[in-house]
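The chains referred to below are lettered A, B, ... by the order of the sequence lines, with proteins before strands, and numbering in each begins at 1. Since the model is a prediction, treat every value here as computed from it, not as a measurement.
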Amino acid sequence: MPFTLATWNINSVRLREGLVADLLETEAPDILCLQECKSPVEKIPMERFRALGYTHMIARGQKGYNGVAILSKMPIEDVGDKDFASLGHARHIAGRLENGATIHNFYVPAGGDKPDREVNEKFGQKLDYLTEMRDWFHAERPERAILVGDLNIAPREDDVWSHKQLLKVVSHTPIEVEHLGAAQEAGGWVDVTRKDIPEGQLYSWWSYRSPDWDAADKGRRLDHVWATPDIAGAAHGSRILREVRGWTQPSDHAPVFATFDL
DNA sequence: ATGGTGGACTATCCA
C-alpha cells in the first residue's frame, strides 16, 4: 500500500496548530513528521489532529525548545530515540509501521553563528551530533528505513541561493557537508528528494529576516527525506510545498513530501 | 561588518 509522508519544521506546534490542521486537510499525507514543536508532549494539540484522522502520534518534547513528533493515520509503534552528542535535547524519535518500515525523525542542531568549534560550542555540538549519527548507522546499518527531518545543512551547490556566498555560513560550510555526507554514507541513505528532482535550485527554508522572501528567494534546502537502498526505489513524487511559506504567520520552513509504494 | 525577524517566555536564549 502506498503512503505519503511529509516532514515540516513547524517552529511551535501550539502557535501553528491551525496551519498544521490546514496542511493535514488540504494535502492529507498519511504521515506528518514535525520538528521544533517547542512543546512538552502533553501540550501538543493532539485532539485537533485526531479529529482529522491522525489517531496515532509518537513524540518527544521539552518546554520551549526542540521537540519532534510523528502524526499518523496508520498505526505506528514507538521504537525509541537517541540522544546524539548527549545534549539532553528532544531531537530524534523513531517509529515502526505495520509494513515493517522504520521512520527516523530528526532535528539536527542548528550550530550557532560562527562555523568554528573553538569559539562557538554549538558548532562543535552540531559536528559531534553528526559524527554520532554516522557511528550509529555504521554499527547498526538501517534496513527498510526512512529518515526525515530538519538536518540544518544544505549539502549541494544547488541547495542554496549562492554557493559562493554561503561557504562560510553555518548550514553550508564544507566541514558540515562532509559530516552530513559521512552520516549519509554510513547508513547507505539515498537522498529521495534529489533522486526525484535531480536538477535545479531547491529550497525548503527562507529566513524570517528577509522581508521579501519570495522575490529575493534566498533559500536553502535544510529539510530532507532519505531512504535506505532496499526501499528507495519505491519512493516517488517528491515535492516541496513552497506556497506554505507564504501562509499567514508561517513557519520559516516549507513541508517536504514523498510517496512510498511499500 | 552589521542587523535584519520570529518564538518561547520575562530578560534572554535560540533559530
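Under the 6.0 Å cut-off for aromatic ring centres, A/Tyr208 and A/Trp213 do not qualify, their centroids lying 6.0 Å or more apart. A/Trp189 has its ring centre no less than 6.0 Å from the ring centre of A/His224.
For A/Asp78 and A/Arg96, the salt-bridge test fails: no basic side-chain N is under 4.0 Å from an acidic carboxylate O.
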The contact string for nucleotides 1-9 of chain B, one letter per nucleotide 5' to 3', using protein heavy atoms under 4.0 Å with B, S and - for base, sugar-phosphate only and none, comes out as ---BBSSSS
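Here A/Asp158 pairs with A/Arg156, A/Arg194 under the salt bridge (charged side-chain N to carboxylate O under 4.0 Å, His left out) rule; sequence neighbours left out.
As a whole-Å value, the separation of A/Gln62 CD from B/dC13 C1' is 13 Å. Between the CG atom of A/Asp113 and the P atom of B/dC13 there is a distance of 13 Å, given to the nearest Å. Taking atom CG of A/Asn152 as the reference point, atom P of B/dA15 lies 8 Å away to the nearest angstrom. Following rounding to the nearest Å, A/Leu87 (CG) and B/dC13 (C1') show an atom-to-atom distance of 15 Å. At whole-Å resolution of the value, CD in A/Gln125 and C1' in B/dA15 are 14 Å apart. Rounded to whole angstrom, the span from the NZ atom of A/Lys114 across to the P atom of B/dA15 amounts to 15 Å. One can place CZ of A/Arg245 at 18 Å from P of B/dA15, the figure rounded to the nearest angstrom.
Using a 4.0 Å cut-off, some side-chain N or O of A/Arg91 falls inside it from OP1 or OP2 of B/dA15.
On the C1' atoms, B/dG7 is 15 Å away from B/dA11, given to the nearest whole Å. Taking the C1' atoms as reference points, B/dA15 lies 15 Å from B/dC9, given to the whole Å. Rounded to the nearest Å, the gap between the C1' atom of B/dG4 and that of B/dC14 is 16 Å.
Judged by distance alone, with hydrogens and angles left aside, the side-chain atoms of A/Asp150 form no donor-acceptor pair with the main-chain N or O of A/Tyr107 at under 3.5 Å. Looking only at distances, a side-chain donor or acceptor of A/Thr228 sits under 3.5 Å from a matching main-chain atom of A/Arg144.
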Mind listing the side-chain donor-acceptor pairs of residues 17-28 of chain A below 3.5 Å, one per line with the distance, residues two or more places apart or on another chain?
| unit_1 | atom_1 | unit_2 | atom_2 | d |
| --- | --- | --- | --- | --- |
| A/Glu17 | OE2 | A/Arg48 | NH1 | 3.3 |
| A/Thr26 | OG1 | A/Asp22 | O | 2.8 |
| A/Glu27 | OE1 | A/Arg239 | NH2 | 2.6 |

